Amino acid sequence: MIRFDGVSKRYPGGHVGLENVSFHLKRGEIAFLTGHSGAGKSTLMKLVMLLERSSVGQVWVGGHNLRTLKNSRIPYLRRNIGVVFQDHQLLFDRTVFDNVALPLLIAGYSPEDCAGRVRASLDMVGLLNKEKLYPVALSGGEQQRVGLARAVVNRPSLILADEPTGNLDPQLSAEIMKLFESFNQVGVTVLIASHDLALVARMRHRILTLEQGCLVSDQEVQ
Amino acid sequence: MSLFKKAEQKRVNSREPRKTEAPVTQDTQRRGAKRQQVATLTMSTLVSLHKQVGKEAFLRLMKTPVSSLLNCLLIAVAFALPALLYVLVANIQQLGSAWDGQPRMSVYLSQNASQKTIDQLVRDYRAHSLIETVEYISPEQGLQDFQSKAGLQGVISHLGFNPLPAVIQLTPDKNASFQALDEAITQFQKMIGVEEVRLDRQWVQRLQAILAMLEQFSLMLGGILGLTVVLVISNTVRLNIESRRDEIKIVSMVGGTRGFISMPFIYMGLWYGVAGALLAQIIVLVLIAVLGSQMAELAGLYSSNMSLFGPGLDVFGTLLLAGILLGGIGAMASCYRHFQGLVPE
């Protein structure tokens, strides 16, 4: 699903984001990406979503070589990737329902088709009764779950999560992680960046560790 | 109870089918992915999307009514100036053509022209392709006309002789060009027995030339102010893009194309253009009404019933079209410039 082949990312000014990173995340796999802040976790995520392009090396996502993917095709790549952010990135002037419906709206679903899918998605994260609320009325954990519902509503084959539990207490974090596992169980590939080493260790999944832009360890499932 | 279990419980209760019931194999997953890509925009979906985005853009403008109105006024003034000039020019043009529908040509004959020469001239004019009617007015007849019209019998009878020359009145072909008439005049001027030839509509034609120039000027003014409208709208849209950067980023991140992301901003530009055109039409209507009432007063003093006509459907249509066009262009230009680095091209 995701393959990095000797990928480096250098920013103008000499800052190194990633240095010669190679790994392969197979379809249906779940893995954690850890490392201190600034180790390159976010850079790696950005390369997968084509928010940025690699300086050296090849990135493959879902069988597409991102180096040769045209700019005009980027939106269609992203529709196949569900993303979850630490700061939720919700639209605060729209209801929970509208936030979750956004990817469907973009993909051209009719409003009737949207409603069913949005509710199914909200149901999955346990927020069906809050669809009419605005994000400000929700707690941090609930906002994160709305983000999660939005990420999966279009049934992507890949979910990327950048510090999805960053601001949550341990219990909420564990619940969010369980949701990711449940998506993985139905065949979705999941890559979660997190610096919460204890939580990551408890989950017993593949762990990729970055340090100063280099991939220093790739622990398979114990 | 964990969140997930809660959700599971609810699903059972509501009997809603689970999104993906059985563990999904790679194959079905892939098919699912394919279906997403094929989820094409049908016509009705597209229409309802446009309706919704258009409505949202309108409501967004209504959220800040004062600043929106000020922007619209700015655009309206830029539209109203050339439109007003155009309507005024059209009015004067109308008056000019109402005063004298057909040009007339007066050929003044020299005092010593013999009757034979005069007859020859009349025959020549009758044969001329540009001339429609020919009327000979002898000095005596001219004197009679003059006395009956102006009530100045006394003045001329005191002179003791008739100072009026013989005149041949010509009516040229209505469709004859100004240039052709000019040529005919120089030709007539050279004929024996002719003292002078005058086209009595020359001044109207001069006025019309001036008006044509003014009309050109109003178009040029329209062009320059149209550019102003584009700049005003693109700047307003730019501010809106700035304030919605986060939203743009999010929509882009979940797969919104450039076109999808631009849509609300383009609708905003269109609304501004349309509202500006409407306001401009109202401004011109009001100004013409005020001017018209003053002119009616003036015309009343001269016991004439001249009146101004306001901007018609043609002006309104042009304004509306210009509003839509310039609003769209302004918004698109702004999107093109300010999406840089936010949205993949």
Side-chain angles (χ1 to χ4, degrees), chain A residues 27-28 49-51 62 71-83 85 89-93 99 102-111 113 116-117 119-121 123-129 141 145 150-152 154-157 172 174-176 178-179 181-182 185-188, chain B residues 1-11 13-14 16-30 32-42 44-49 52-53 56 60 63 244 246-247 249-261 341 343-345:
Chain A
R27 199 175 278 276
M49 289 192 64
L50 266 183
L51 282 174
N71 275 344
S72 59
R73 299 301 303 171
I74 292 176
Y76 304 98
L77 173 85
R78 290 184 186 162
R79 285 178 199 180
N80 250 322
I81 304 174
V83 270
F85 304 90
Q89 301 270 22
L90 301 177
L91 299 174
F92 282 88
D93 58 346
N99 264 286
L102 185 64
L104 297 179
L105 207 67
I106 288 168
Y109 284 91
S110 68
D113 286 349
R117 286 186 171 224
R119 299 227 164 83
S121 195
D123 191 15
M124 205 174 291
V125 297
L127 286 176
L128 195 52
N129 53 342
R145 275 145 60 198
R150 184 183 64 192
V152 299
N154 202 14
R155 300 181 193 172
S157 37
L172 278 173
E175 284 174 353
I176 295 278
K178 283 222 178 76
L179 278 173
E181 280 184 325
S182 71
Q185 275 159 18
V186 296
V188 180
Chain B
M1 199 193 279
S2 84
L3 284 174
F4 189 56
K5 272 186 192 146
K6 252 190 255 170
E8 197 78 343
Q9 193 65 41
K10 215 173 269 167
R11 194 176 301 117
N13 291 344
S14 65
E16 193 165 339
R18 190 174 161 172
K19 238 172 64 171
T20 38
E21 204 62 59
V24 179
T25 63
Q26 275 199 5
D27 207 359
T28 52
Q29 186 63 27
R30 207 173 290 139
K34 207 166 209 168
R35 200 173 54 231
Q36 280 162 21
Q37 295 230 319
V38 179
T40 46
L41 282 164
T42 62
S44 67
T45 314
L46 198 65
V47 169
S48 72
L49 182 67
Q52 192 192 338
V53 173
E56 275 173 18
R60 197 174 285 275
K63 264 187 194 165
R244 293 168 72 184
D246 290 339
E247 185 183 337
K249 263 190 199 156
I250 292 170
V251 176
S252 167
M253 215 98 78
V254 298
T257 56
R258 204 166 236 267
F260 183 90
I261 300 171
V343 183
E345 274 159 61

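A, B, ... follow the sequence lines: proteins, then strands. Residue 1 opens every chain. It should be emphasised that the depicted structure is a prediction, and the values quoted were computed from it without experimental measurement.
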Completion exercise
With chain A, the option among B/Ile250, B/Ile261, B/Thr257 that has the most non-hydrogen atom pairs under 4.5 Å is B/Ile250
Fill in the blank from the handout: When the 4.5 angstrom heavy-atom criterion is applied to A/Leu51 and chain B, the contacting part is side chain
Completion exercise
Distance col, row A/Asn71:CG vs B/Arg258:CZ, nearest 0.5 angstrom, shows 9.0 Å
Completion exercise
When the 4.5 angstrom heavy-atom criterion is applied to B/Ser252 and chain A, the contacting part is both
Completion exercise
Whatever's closer than 4.5 Å to a heavy atom in chain B on A/Phe85 counts as side chain
Handout entry: B/Val254 to A/Pro103 - nearest heavy-atom pair and separation
Key = CB-CG, 4.3 Å
Exercise for the section: Identify the two heavy atoms, one from B/Thr45 and one from A/Tyr109, that lie closest to each other, and give their separation to 0.1 Å. Expected result: CG2-O, 3.4 Å
Practice task
Using the test side chain to side chain donor-acceptor pair (under 3.5 Å), find all partners of A/Asp93 that sit at least two apart in sequence or belong to another chain.
Solution key: B/Arg60
Practice task
Name all residues meeting the side chain to side chain donor-acceptor pair (under 3.5 Å) criterion together with B/Arg244; count only those two or more places apart in sequence or in a different chain, and write none if there are none.
Solution key: B/Asn240, B/Glu247
Practice task
Using atom types as modelled and distance alone, determine if a side-chain donor or acceptor of A/Arg78 lies under 3.5 Å from a backbone N or O of B/Gly256.
Solution key: no
Practice task
Starting at CG of B/Asp246, measure out to CG of A/Leu90 and round the result to the nearest 0.5 Å.
Solution key: 11.5 Å
